[in-house]
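Structure, as structure tokens:
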Protein chains: 4
Amino acid sequence: MTIRALVWGENVHEHENATVGALYPDGMHGTIAAALRADGIEAETAILQEPEHGLADERLARTDVLLWWGHKAHGRVEDAVVERVQRHVWQGMGLLVLHSGHFSKIFKRLMGTPCSLTWREAGERERVWTVNPNHPIAAGLPPFFELEQSEMYGEPFAVPEPSETVFLSWYQGGEVFRSGMTWQRGGGRIFYFAPGHEVYPLYHDPNVQRVLGNAVRWAHNPAPRWTGIEQAPNRPVDQAPEPIEARGPSLHKAGEAGYR
Amino acid sequence: MTIRALVWGENVHEHENATVGALYPDGMHGTIAAALRADGIEAETAILQEPEHGLADERLARTDVLLWWGHKAHGRVEDAVVERVQRHVWQGMGLLVLHSGHFSKIFKRLMGTPCSLTWREAGERERVWTVNPNHPIAAGLPPFFELEQSEMYGEPFAVPEPSETVFLSWYQGGEVFRSGMTWQRGGGRIFYFAPGHEVYPLYHDPNVQRVLGNAVRWAHNPAPRWTGIEQAPNRPVDQAPEPIEARGPSLHKAGEAGYR
Amino acid sequence: MTIRALVWGENVHEHENATVGALYPDGMHGTIAAALRADGIEAETAILQEPEHGLADERLARTDVLLWWGHKAHGRVEDAVVERVQRHVWQGMGLLVLHSGHFSKIFKRLMGTPCSLTWREAGERERVWTVNPNHPIAAGLPPFFELEQSEMYGEPFAVPEPSETVFLSWYQGGEVFRSGMTWQRGGGRIFYFAPGHEVYPLYHDPNVQRVLGNAVRWAHNPAPRWTGIEQAPNRPVDQAPEPIEARGPSLHKAGEAGYR
Amino acid sequence: MTIRALVWGENVHEHENATVGALYPDGMHGTIAAALRADGIEAETAILQEPEHGLADERLARTDVLLWWGHKAHGRVEDAVVERVQRHVWQGMGLLVLHSGHFSKIFKRLMGTPCSLTWREAGERERVWTVNPNHPIAAGLPPFFELEQSEMYGEPFAVPEPSETVFLSWYQGGEVFRSGMTWQRGGGRIFYFAPGHEVYPLYHDPNVQRVLGNAVRWAHNPAPRWTGIEQAPNRPVDQAPEPIEARGPSLHKAGEAGYR
């Protein structure tokens with residue numbers, strides 16, 4: 001079964017910063033999507049500047065896994081679109097949050113925490129260690145791989161305790177970071193991956209590309225969308241699995257919806 | 001050390017519904033606070049109708065654990081107050097979410113999920129089972145306790161996988177529910193407890209009261225508030241724990257704050 | 001890719017108890033294996049009475065997922081075989097532990113807890129609720145399904161907090177049970193499923209069969225076996241990822257293995 | 001309430017290795033116990049060479065938290081004593097496993113995994129980062145602390161996904177390690193802490209001592225011992241919480257114990 005990924009890019013620094021523009025002439029989203037396609041995944045792109053940021057409801061409905069890269073323009077993403085993406089994650093769409101996307105609206109909403117961290121942009125070496133070698137996201141990776149120049153992201157990373165810690169990063173300047181973690185929200189699987197600072201050629205790195213392809217496959221939930229996940233259905237007395245009779249006082253009239 | 005609890009009540013049905021008013025002449029919040037005080041906890045109350053819903057910043061700053069009961073008026077709680085409560089939870093304030101509070105703004109924000117469930121108001125019997133008998137929240141409780149009349153809350157309960165499942169409920173009509181679960185968000189410990197429908201005398205029940213007292217003690221985090229949890233501090237090159245030199249291109253100027 | 005399952009049966013009550021023998025003329029293991037084959041899984045069987053209980057090393061090496069049903073003869077399973085099975089789970093073989101297998105040596109070893117519970121054999125009704133509807137193990141199942149006659153298994157179930165709770169059971173006599181849970185140990189995924197008492201036709205039930213087929217697919221880890229998981233390799237100074245020099249006192253001579 | 005800790009030491013290298021002997025004239029266990037006492041904890045010691053390794057049942061029964069340091073002589077610890085310790089952990093005794101104790105029989109039994117890792121003894125620098133600053137075990141600690149000489153312990157560390165990751169370590173030679181993690185088994189809280197190689201003065205380090213004191217307080221479970229955790233009590237039909245009648249076939253006679 002072909003997996004349909006959608007790579008969302010903020011698409012700002014590619015045009016404002018010459019280094020970024022030279023590294024990613026097709027946009028970071030373009031480079032990521034090309035890598036996914038080379039890995040057998042059907043990948044399209046969407047950007048901030050498109051109507052509805054390229055994330056119309058029908059497009060999300062046919063997306064198995066959304067990848068999210070944002071940095072400078074988190075505040076320009078419309079709340080209505082963020083809510084829509086969140087709804088699709090709840091219903092089963094996978095989500096990969098990349099690098100500076102830790103501060104995106106969508107990630108903070110899904111985590112329920114500030115998602116803060118410490119950082120340093122010094123072009124230092126990062127070494128990504130696999131702590132869970134048989135995890136699907138680590139398939140085919142060596143015990144560690146190095147990124148000769150990277151932005152340091154350091155602990156404490158204010159996210160909820162993850163379902164699984166897949167990668168830990170070592171930085172030349174002395175910090176460590178839980179650089180690959182998973183969570184689930186409703187039917188949606190979520191993976192955060194730290195490497196990806198835009199002034200370095202990180203999305204051209206074969207190991208980084210392999211992580212992303214693996215993670216897309218992992219985050220793909222083949223179950224039908226859980227469309228009723230936001231509803232709180234009343235199961236009336238006459239439909240109780242065991243026969244019971246209503247008794248005592250009540251607040252709601254028969255057939256009345258619950259409060260929200 | 002005395003623990004300072006604050007019991008927040010929506011305070012609507014107590015005045016609109018005669019049954020609720022008769023059961024809780026001091027409000028549900030009043031009954032809960034009295035029970036906590038009888039358990040050695042310093043407990044105050046706050047209600048929706050007060051300025052800032054009784055949840056001014058300085059009041060939350062001196063609160064160890066907040067209890068939240070809301071049902072009909074979730075939508076009337078101001079977003080600014082919800083954000084303030086969330087910030088205090090992140091910094092270390094404990095939070096107990098009670099019954100219909102599953103649909104409160106604050107719980108949904110902290111969970112990152114819809115927090116939906118199924119329900120039935122039939123005055124049926126609920127039996128609360130302890131699955132984790134040595135958990136502090138279960139201290140002094142029997143293997144199970146019964147609530148002769150309760151509102152049914154059924155699965156699926158759309159919350160993230162909990163840190164711990166403490167209680168499971170059995171309902172006469174045939175459903176089950178994870179009725180006591182814990183999570184952590186930043187420095188704040190969160191406990192959800194299902195029993196508490198307003199037309200039944202549930203907050204007068206000694207076992208329910210014991211759960212609440214235990215949970216307040218459990219949720220109390222004596223650490224100083226984690227005031228910087230929302231910040232993403234830059235650790236510049238000259239303050240790196242290991243000596244490094246900056247190299248390569250950069251996006252940020254020295255001393256510049258990160259994007260949000 | 002075809003998944004190779006191996007269904008292990010204790011194969012005692014089928015021969016000692018007329019009811020069980022009549023329900024399962026091919027053994028419970030035979031019925032389960034036939035159901036898996038009908039679901040597209042390549043399934044074989046092994047029994048206690050075979051040499052090495054049918055679990056020779058080379059057989060486990062080509063098994064993707066092992067299913068374990070035992071009850072009366074837990075003590076007759078040789079420790080050497082249990083250790084071998086545990087090793088294969090660590091290396092990536094999936095394991096489904098069924099019903100009274102909660103007290104098997106292999107499950108207790110992998111959990112590190114007593115795996116005790118309460119029980120009653122009264123032919124009462126069990127209703128299995130899905131709490132995680134988009135989980136692969138719940139694929140195609142209704143919100144709940146009923147088993148008209150079942151053995152009650154009740155909380156507290158002394159297992160570690162699971163990775164995921166997939167099913168909860170309601171019993172006619174008033175108990176509840178976390179009847180479907182997942183864990184991971186090394187590369188191996190583990191699923192416990194409660195229904196399966198031998199005097200009732202539970203493994204003929206289509207919903208139970210669907211759970212088992214789903215769980216086999218979920219527990220299958222396509223990664224190569226993690227053969228080195230029990231080793232603690234020394235990474236000597238001259239192979240450190242960053243250049244360092246040894247300094248100070250030492251306990252071990254160069255090239256010496258660590259203590260175990 | 002005074003907490004009673006018991007520090008178990010293998011007590012071998014202190015006598016065989018001059019460096020270790022000079023660093024720890026009272027044994028590593030003696031140094032650790034003295035540090036705990038200075039922190040207000042009632043601490044005693046026990047060693048491998050005592051009868052029953054100093055871990056008689058009545059002694060464990062009055063121990064709130066056991067600390068375990070072993071390295072060279074894991075194999076000399078009697079299985080009966082290991083089973084006894086495990087039983088007390090299940091019933092609620094806290095356990096701190098230190099450094100090379102990762103390969104102790106008791107830790108492997110409680111985890112259900114091989115507990116392997118990679119290692120290097122080069123006297124290199126370790127930097128311990130707090131990832132969960134408001135966790136009780138991190139109370140009073142700085143964002144990171146350094147151990148100028150330490151043994152490297154590297155990932156993958158073959159333990160189950162923890163309840164909480166409290167500390168991560170950075171090593172000069174390029175590795176990372178989850179150096180402080182928590183789990184629960186039955187009523188017992190377990191904490192593993194990596195620093196503690198015997199040829200360096202690590203247990204004289206004030207930050208290490210603070211971690212151990214904090215962890216003892218955290219691991220202390222004031223609940224009564226869960227003495228029945230290994231039992232699987234039958235709850236007969238006439239004692240079912242809801243009135244039911246037995247029906248259909250049965251395997252067990254009334255009053256018969258379950259199989260184990």
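Chain A is the first sequence line, chain B the second, and so forth, proteins listed ahead of strands; every chain is numbered from 1. Computed from a predicted structure; not experimentally measured.
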Side-chain heavy-atom pair D:Met181, D:Glu164 within 4.5 angstrom cut-off: no

Heavy-atom side-chain contact between B:Met93 and B:Val85 under 4.5 Å: yes

Residue-level interface, residues 170-180 of chain B with chain D, non-hydrogen cut-off under 4.5 Å: B:Trp170

Gap between atom OG1 of B:Thr165 and atom CZ of B:Phe167 - 0.5 Å precision: 11.5 Å

Options D:Pro241, D:Ala138, D:Gly92, ranked by heavy-atom pairs under 4.5 Å with chain B, top entry: D:Pro241

With D:Phe107, the ring pair (Phe, Tyr, Trp, His ring centres under 6.0 Å) member among D:Phe193, D:Phe191, D:Trp68, D:Trp183: D:Trp183

Any side-chain heavy-atom pair of B:Leu6 and B:Leu67 under 4.5 Å: no

Test side chain to side chain contact (heavy atoms under 4.5 Å, CB included) applied to D:Leu96 and D:Leu66, step by step: CA-CA 6 Å; D:Leu96 272 53; D:Leu66 178 68; over 6 Å; no

Residues of residues 120-129 of chain B contacting chain D, heavy-atom criterion under 4.5 Å, by residue number: B:Arg125, B:Arg127, B:Trp129

Where D:Leu60 and D:Leu55 come nearest, the two heavy atoms and their spacing: CD1-O, 3.6 Å

CZ-CH2 distance between B:Arg59 and B:Trp8, expressed to the nearest 0.5 angstrom: 12.5 Å

Any residue of residues 215-232 of chain D which, by heavy atoms, sits under 4.5 Å from chain B: D:Asn221, D:Ala223, D:Pro224, D:Trp226

Leading residue by heavy atom contact count with chain D [cutoff under 4.5 Å; candidates B:Arg189, B:Glu242, B:Gln184]: B:Glu242

Spacing of D:Asp39 atom CG and D:Leu212 atom CG [to the nearest 0.5 Å]: 9.5 Å

D:His88 versus D:Asp57, side-chain donor and acceptor atoms under 3.5 Å: yes

Nearest non-hydrogen partners of D:Gly101 and D:Ser104, listed with the distance: O-OG, 2.7 Å

NZ-CG distance between D:Lys108 and D:Leu110, expressed to the nearest 0.5 angstrom: 12.5 Å

Members of residues 140-163 of chain B whose heavy atoms come closer than 4.5 Å to chain D: B:Phe144, B:Glu146

B:Arg210, CZ: over 12 other non-hydrogen atoms inside 6.0 angstrom: no

No-hydrogen, no-angle side-chain donor-acceptor test under 3.5 Å, B:Thr2 and B:Glu42: no

Point-to-point distance, once rounded to the nearest 0.5 Å, from OG1 of B:Thr63 to CD1 of B:Ile3: 12.5 Å

Heavy-atom side-chain contact between D:Arg185 and D:Ile190 under 4.5 Å: yes

Interatomic distance, B:Ile41 atom CD1 to B:Asp64 atom CG [nearest 0.5 angstrom]: 10.0 Å

